[in-house]
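As the structure is a prediction and not an experimental result, all values here were calculated from the model.
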Amino acid sequence: MGNCCSDVGGRMAAVGGTAAITGNQSDAVDMYLKSRGIHGILSQIELSFSATNLRDRDVFSKSDPMLVVYIKERDGAVIEVFRTEVVLNSLNPTWIKKYTIAYHFEVVQTLLFHVFDVDTQFLNIEVKMLKLEEQQSLGEASCALSEIVTKPNRSITLDLVRRVEFVSSTHSQHHGKLTVHAEECFSSRTTAEMILSCLDLESKDLFSKCDPFLVISKLVESGISIPVCKTEVLKNDHNPTWKPVFLNIQQVGSKDSPLVIECFNFNSNGKHDLIGKVQKSIADLEKIHSGREGENLFLPTLVRHDWENKILKSKLFVEKFSQTIQHTFLDYLAGGFELNFMVAIDFTASNGNPRLPDSLHYIDPSGRQNAYQKAIYEVGEVLQFYDTDKCFPAWGFGARPIDGPVSHCFNLNGSNNYCKVEGIRGIMMAYTSALFNVSLAGPTLFGHVINKAALIASQSLADEARKYFVLLIITDGVVTDLQETKDALVKASDLPLSILIVGVGGADFKEMEILDADKGERLESSTGRVASRDIVQFVPFRDVQGGEVSIVQALLAELPTQFLTYMRSRDIKPRI
């Protein structure tokens with residue numbers, strides 16, 4: 001999600017941004033996420049490079065090093081994406097050329113670095129024309145982009161190694177070190193804050209006023225509009241004033257890039273009625289604010305065989321306009337904030353006997369992961385880079401431990417007092433062990449594990465720790481305690497906590513989507529209290545199984561904006 005938020009009742013409602021993923025995954029990921037109203041965060045990162053103590057491969061002079069950068073894609077393919085200039089006669093080069101890459105929180109972006117000594121006879125050839133097989137290798141290194149951006153100074157130093165088949169372990173070879181430094185492009189922090197309102201909206205409902213909300217989209221060269229921002233829904237209001245929205249300038253292109261602002265009447269079935277729209281740039285909206293005059297909405301109307309824009313009496317106003325520097329997700333990481341991973345696994349009997357191949361909990365002797373293992377591994381693989389101690393709370397629910405009653409929140413490791421396990425491998429081992437030490441039972445209750453996670457987040461908040469918690473719940477069925485779950489979620493919405501829910505198996509998960517407020521309506525507790533923000537992301541595993549979009553991409557695309565929504569609504573700033 002991009003840096004666009006809407007403050008609701010003094011609190012923030014997460015909304016959208018745009019994303020692009022390097023390589024062929026881009027279209028598949030974008031299509032899937034946009035179909036669910038999700039838009040991944042996009043930050044441009046500039047990488048700079050230097051090396052020390054490189055091997056000297058030249059006889060009469062020092063090496064002439066050049067760095068080549070590759071990206072390893074999800075399918076294992078390695079693609080060259082960048083080359084530096086050649087630095088002459090240097091074993092400690094600092095390259096001038098920088099590599100700019102789009103950072104995506106929801107995927108592990110593996111970077112490979114290869115330093116070459118360019119032969120003297122090729123020094124007059126353009127770098128992009130050099131044949132790498134004709135140059136001498138000085139060493140290679142690799143890391144994930146998330147490893148760099150989570151460092152306090154956003155720099156990482158890697159040992160350069162060579163692919164030598166038979167190297168004696170007692171004779172280490174000297175190949176030098178490569179330092180990679182990341183800087184977030186400054187333009188990605190420039191944000192326009194606006195308060196938008198409408199006057200005299202036309203009613204679309206027969207027996208009540210309209211329930212309006214705005215969707216702001218950018219227009220790309222092909223003429224397609226891509227949603228980047230959405231306000232909250234205001235009930236029964238013909239003259240609405242929405243809470244502030246924040247539009248990232250880079251996210252929409254520039255201040256002069258065309259935007260479409262559409263006003264819809266909310267319908268619970270998801271088929272929202274278009275009330276009217278305008279097409280303006282951010283610069284135009286600034287002028288509307290300074291001129292204090294509204295802009296008439298128009299509605300495309302079919303007249304005979306042609307579409308015409310019918311001008312409406314309804315008007316859009318810009319009540320407030322300011323341009324500020326918004327702290328980004330990466331600013332908070334550089335300031336020492338962590339994402340702490342937690343997991344809760346469904347052990348109800350509807351999963352089937354774990355010893356039988358048709359069970360959702362079946363552990364395949366061939367090593368093929370079941371849906372539970374895949375979700376744990378894929379989400380944990382991404383989030384582990386943002387958690388320094390890599391010790392994760394892990395629970396099960398809906399099972400009967402040996403000689404005990406059914407528990408709806410038990411420690412996965414079997415301990416009565418300690419819920420944490422070490423690393424993703426620790427979760428996997430505890431999960432496998434639990435399958436043979438509990439009896440699957442029921443029903444499916446989420447309230448207990450959500451409250452347990454909320455307690456940990458609450459304690460961390462009281463200690464003023466710079467932590468944000470992410471609970472992954474994996475389940476095969478519809479939650480039985482729906483209202484209790486809503487109550488727990490509404491209460492947890494005030495805490496530094498997000499909840500990811502993966503539905504596995506063939507159950508009808510329609511009711512589960514109620515917990516995910518992507519369609520516009522906030523959760524409401526049994527006492528009438530409304531959630532301060534959307535903290536839930538729900539994805540049925542079957543929707544992404546076997547496709548180019550992984551379960552982790554579908555789940556995590558919204559998380560950075562939920563994080564920023566929480567931090568900004570409480571005016572928590574990073575220490576940078």
*asked:* Under a 3.5 Å cutoff, is there a donor and acceptor pairing between the side chains of Thr324 and Glu193?
replied: no
_Below 30° counts as parallel, above 60° as perpendicular, anything between as tilted: where do the rings of Phe329 and Tyr103 land?_
parallel
_Heavy-atom closest pair, residues His181 and Asn153_ = CE1-O, 3.1 Å
*So, do Phe317 and Ile288 sit near enough that their side-chain heavy atoms are less than 4.5 Å apart?*
no
*Give the C-alpha distance, both sets of side-chain angles, the deciding distance and a yes or no for side-chain hydrogen bond (donor to acceptor under 3.5 Å, both in side chains) between Gln109 and Ser146.*
CA-CA 7 Å; Gln109 295 169 276; Ser146 48; over 6 Å; no
*State, to 0.1 Å, how close Ala454 and Ala492 come at their nearest heavy-atom pair, and which atoms those are.*
CB-CB, 4.3 Å
*Can you establish whether the number of heavy atoms outside Glu319 located under 6.0 Å from its atom CD is more than 12?*
yes
*Are Ile473 and Val502 close enough that some pair of their side-chain heavy atoms sits under 4.5 Å apart?*
no
*Is Arg83 salt-bridged to Glu80, going by a charged N under 4.0 Å from an acidic O?*
yes
*Can you tell me how far the CD atom of Gln44 sits from the CD1 atom of Ile101, to the nearest 0.5 Å?*
9.0 Å
*Any donor-acceptor pair under 3.5 Å linking the side chain of Arg292 with the backbone of Val318?*
no
*Please round to the nearest 0.5 Å and tell me the distance separating atom CG of Asp389 and atom CD of Gln384.*
12.0 Å
*Pairwise distance CD(Glu140) to CG(Asp159) - rounded to 0.5 angstrom*: 13.5 Å
*What's the spacing between Leu339 CG and Leu559 CG if we round to 0.5 Å?*
6.0 Å
*Any chance CD of Glu293 has more than 12 other-residue heavy atoms, nucleotides or ligands included, within less than 6.0 Å?*
no
*Mind listing the closest non-hydrogen atom pair of Ile249 and Thr191 along with its distance?*
CG1-N, 4.3 Å
*Do you know which two heavy atoms are closest between Glu262 and Phe264, and how far apart they sit?*
CB-CE1, 3.5 Å
*Distance-only, no hydrogens or angles: does the Glu46 side chain make a donor-acceptor pair with backbone N or O of Glu184 under 3.5 Å?*
no
*asked:* Can you list everything that forms a side-chain hydrogen bond (donor to acceptor under 3.5 Å, both in side chains) with Lys255? Sequence neighbours excluded, please.
replied: Glu286, Gln323
*Begin with the C-alpha distance, continue with both residues' side-chain angles, and end with the deciding distance and a verdict on side chain to side chain contact (heavy atoms under 4.5 Å, CB included) for Gln537 and Asp516.*
CA-CA 6 Å; Gln537 180 63 31; Asp516 188 340; 3.6 Å; yes
*More than 12 foreign heavy atoms under 6.0 Å from NZ of Lys287: is that the case here?*
no
*asked:* I'd like to know if Asp237 and Lys235 make a salt bridge, using a cut-off of under 4.0 Å between side-chain N and carboxylate O.
replied: no
_Do Ile156 and Leu178 make a side-chain contact, defined as non-hydrogen atoms from C-beta onward lying under 4.5 Å apart?_
no
_Between Asp211 and Asn265, do the side chains contain a donor N or O and an acceptor N or O under 3.5 Å apart?_
no
*Going through the distances and angles, do Lys280 and Glu295 end up as a salt bridge (Lys or Arg N to Asp or Glu O under 4.0 Å)?*
CA-CA 10 Å; Lys280 296 291 176 183; Glu295 181 75 17; 3.4 Å; yes
_salt bridge (Lys or Arg N to Asp or Glu O under 4.0 Å) between Glu338 and Lys467, intermediate numbers included_ = CA-CA 5 Å; Glu338 293 185 23; Lys467 295 178 183 292; 3.6 Å; yes
*So Leu515 and Ile501, side chain to side chain contact (heavy atoms under 4.5 Å, CB included) or not? Walk me through it.*
CA-CA 9 Å; Leu515 304 177; Ile501 304 175; 4.1 Å; yes
*Sub-3.5 Å donor-acceptor pair from the side chain of Glu147 to the main-chain atoms of Ala144, do we have one?*
yes
*Just checking, any donor-acceptor pair under 3.5 angstrom between side chains of Asp284 and Ser281?*
yes
*Determine whether Asp331 and Leu333 make a side-chain contact, defined as any pair of heavy atoms from C-beta on separated by less than 4.5 Å.*
no
*Mind telling me whether Phe213 and His272 have parallel, tilted or perpendicular rings, with 30° and 60° as the class edges?*
perpendicular
*Would you please test Ile345 and Trp395 for side chain to side chain contact (heavy atoms under 4.5 Å, CB included) and show each step?*
CA-CA 6 Å; Ile345 299 172; Trp395 304 290; over 6 Å; no
*Taking the side chain as every heavy atom from C-beta outward, state whether Leu158 and Cys143 have any pair of such atoms under 4.5 Å apart.*
yes
*Please say whether more than 12 non-hydrogen atoms of neighbouring residues, nucleotides or ligands are located less than 6.0 Å from CZ in Arg466.*
yes
*With under 30° as parallel and over 60° as perpendicular, where do the rings of Phe392 and Phe341 fit, or are they tilted in between?*
perpendicular
*Examine distances only and state if a side-chain atom of Ser225 and a backbone atom of Ser217 form a donor-acceptor pair shorter than 3.5 Å.*
no
*Heavy atoms, side chains only, cut-off 4.5 Å: are Phe49 and Ile96 in contact?*
no
_Check: Ser142 side chain, Leu111 main-chain N or O, donor-acceptor pair, under 3.5 Å_ = no
*Within the side chain of Asp571, is there an N or O that forms a donor-acceptor pair under 3.5 Å with the backbone of Lys573?*
no
*Quick one: do Ile79 and Tyr70 satisfy side chain to side chain contact (heavy atoms under 4.5 Å, CB included)? Show the steps, please.*
CA-CA 5 Å; Ile79 299 174; Tyr70 305 84; over 6 Å; no
*If you measure from OH on Tyr332 to CZ on Phe337, what distance do you get to the nearest 0.5 Å?*
6.5 Å
*Would you say the side-chain atoms of Thr84 pair up with the backbone N or O of Trp95, donor to acceptor, closer than 3.5 Å?*
no
*Among Glu558, Gln562, Arg533, whose side-chain hydrogen bond (donor to acceptor under 3.5 Å, both in side chains) with Ser498 holds?*
Gln562
*State, yes or no, whether a side-chain contact exists between Met512 and Val479 at a heavy-atom distance under 4.5 Å.*
yes
*When rounded to the nearest 0.5 angstrom, what is the spacing between CD1 in Ile572 and CG in Leu564?*
11.5 Å
*Any chance CZ of Phe321 has more than 12 other-residue heavy atoms, nucleotides or ligands included, within less than 6.0 Å?*
yes
_For Lys390, is the NZ atom crowded, meaning more than 12 foreign heavy atoms sit under 6.0 Å from it?_
yes
_Nearest non-hydrogen partners of Tyr468 and Met567, listed with the distance_ = CD1-CE, 4.3 Å
*Would you call Phe105 and Leu383 a side-chain contact if the rule is heavy atoms closer than 4.5 Å?*
yes
*Mind listing the closest non-hydrogen atom pair of Leu556 and Glu106 along with its distance?*
CB-CB, 3.8 Å
